[in-house]
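Contents: one structure, followed by commentary.
On a predicted model such as this, the values are computed, not experimentally measured, just so you know. Counting begins at 1 with the first residue of the sequence. As a basis for the values below, the full set of heavy atoms in this structure was taken, side chains included, without hydrogen atoms, waters or symmetry mates.
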Amino acid sequence: MTNSDLDRISTEARNPRTVNLDLLPTEALLRAMNDEDRQVAVVVQNALPQIGRAVDAIAERMGKGGRLIYCGAGTSGRLGVLDAAECEPTFSSSPGQVVGLIAGGPQAMLRAVEGAEDSPLLGEQDLRALSLTSADCVVGIAASGRTPYVLGALAFATKVGAFTAAVVCSAASAVAAAAQCPIEIVTGAEVLTGSTRLKAGTATKLVLNMLSTAAFVRLHKVYGNLMVDVQPTNDKLKERMVRIVADATGVARDVAAAALRQCAFEAKTAIVSLGAGVEPEIARARLAEKQGSVRYALEARS
């Protein structure tokens, strides 16, 4: 990329409001950062229609067995891997249902792999290794909007027939143009020139939160605002599960805990069992009949 190319990317511009950053007292420096961060939520709000379109497409395909696959490099890739890693414990997503790919492989999570993001072929190869199909969804993440690794991944995904979306922080970018559903969150110049782990990274994290959370809400992984498919992998999560069942049904916590033990620590089953007054086996059958929806399973009790 030439200097003239960089000049056209807003995330690489110098921020006129922070040109004296190194001269500021600590509190003033932090206030400058906070002032810039305030803009992020507004920028994301402006992109809600595009985010919504992506959520609906992702939920539809995942509901039919497809996968959500994030592809990115550097901070963008790390954010995708982080979001993917949180889905299984939060929503009991099946292994491999949400995947995060980062240019350079797992080692790039901790240390930059030189040149990996510059290879479009590597983006294609990483998707080939997952046996990508037309049932899947690929979300390319690139703050600059021009990362070759992401462009290669999106080009291959398009060829296969997968749904493609892009999360970018620059306007009129090549990555956005390569996706069916571009999500442009133009955060502008960073407090620290070119450091897209700041506003761009924050905006990207907000969008990824929405994509995965809203998709799993559509897939009945949530009842009200409760994580009814959370996995009880430690003592804290077991206690959270007890609170979830108690809050959902209005019973005392000791009653919720007993129901969970009877239901093999399946929160959905315990809620339907308590709410409908049925045995765990019947609760499971109703949930299966209603595609895992607690609300619909409870409505079917009569």
Side-chain angles (χ1 to χ4, degrees), residues 10-11 39-72 76-77 79-84 86-87 90-91 93 97-101 123 127 130 132-147 150-188 199-222 225 291-293:
S10 61
T11 54
Q39 305 169 28
V40 173
V42 175
V43 174
V44 172
Q45 182 182 36
N46 292 337
L48 290 180
Q50 291 73 40
I51 298 169
R53 179 185 166 204
V55 166
D56 289 341
I58 290 166
E60 180 182 4
R61 294 198 178 214
M62 289 177 68
K64 297 176 181 177
R67 297 169 292 178
L68 169 58
I69 303 169
Y70 295 124
C71 298
S76 295
L79 290 169
V81 172
L82 174 63
D83 195 74
E86 293 287 353
C87 288
T90 304
F91 300 110
S93 59
Q97 189 176 20
V98 184
V99 180
L101 295 176
L127 286 179
L130 292 177
L132 187 75
T133 75
S134 59
D136 296 322
C137 306
V138 175
V139 178
I141 312 168
S144 68
R146 48 80 54 198
T147 308
V150 176
L151 287 168
L154 289 174
F156 178 68
T158 299
K159 181 179 178 181
V160 169
F163 173 78
T164 57
V167 180
V168 299
C169 300
S170 297
S173 69
V175 169
Q180 291 171 258
C181 183
I183 300 169
E184 295 180 306
I185 40 173
V186 184
T187 47
K199 286 192 300 184
T202 300
T204 298
K205 179 67 168 67
L206 292 176
V207 173
L208 300 188
N209 286 348
M210 291 178 175
L211 291 179
S212 57
T213 302
F216 279 115
V217 169
R218 295 278 79 85
L219 292 170
H220 309 306
K221 296 289 187 175
V222 173
N225 63 352
Q291 291 75 51
S293 169

May I have the list of side-chain donor-acceptor pairs in residues 151-162 shorter than 3.5 Å, sequence neighbours left out?
from   : atom 1 : to     : atom 2 : distance (Å)
Thr158 : OG1    : Leu154 : O      : 2.8

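Contact detail for Thr147 and Ala142: the closest heavy-atom pair is OG1-CB, 3.5 Å. Closest approach of Gln97 to Ser93, counting heavy atoms only: OE1-CB, 3.1 Å. Closest heavy-atom contact between Glu184 and Ser170: OE2-O, 3.9 Å. Nearest heavy atoms, Cys71 versus Val150: O-CG2, 3.7 Å.
Contacts of Ser173 classified as side chain to side chain contact (heavy atoms under 4.5 Å, CB included), with partners at least two apart in sequence or in another chain: Val168, Val175, Ala176. In this structure, the salt bridge (Lys or Arg N to Asp or Glu O under 4.0 Å) partners of Lys221, at least two apart in sequence or on a different chain, are Asp229. With sequence neighbours excluded, the residues that form a side chain to side chain contact (heavy atoms under 4.5 Å, CB included) with Ala47 are Gln50, Ile51, Ile183, Ile185. Every residue meeting the side chain to side chain contact (heavy atoms under 4.5 Å, CB included) condition with Val40, not counting sequence neighbours, appears here in chain and number order: Val44, Lys199, Thr202, Ala203, Leu206. Ala165 meets the side chain to side chain contact (heavy atoms under 4.5 Å, CB included) test with Ala54, Val139, Phe163, Cys181; sequence neighbours excluded. The salt bridge (Lys or Arg N to Asp or Glu O under 4.0 Å) search around Asp136 returns Arg67, not counting sequence neighbours. Checked against side chain to side chain donor-acceptor pair (under 3.5 Å), Asn209 has the following partners two or more places apart in sequence or in another chain: Lys205. Applying the side chain to side chain donor-acceptor pair (under 3.5 Å) criterion to Ser212, with sequence neighbours excluded, gives Asp83.
For residues 43-66, the pairs satisfying salt bridge (charged side-chain N to carboxylate O under 4.0 Å, His left out) are Glu60-Lys64, with sequence neighbours left out.
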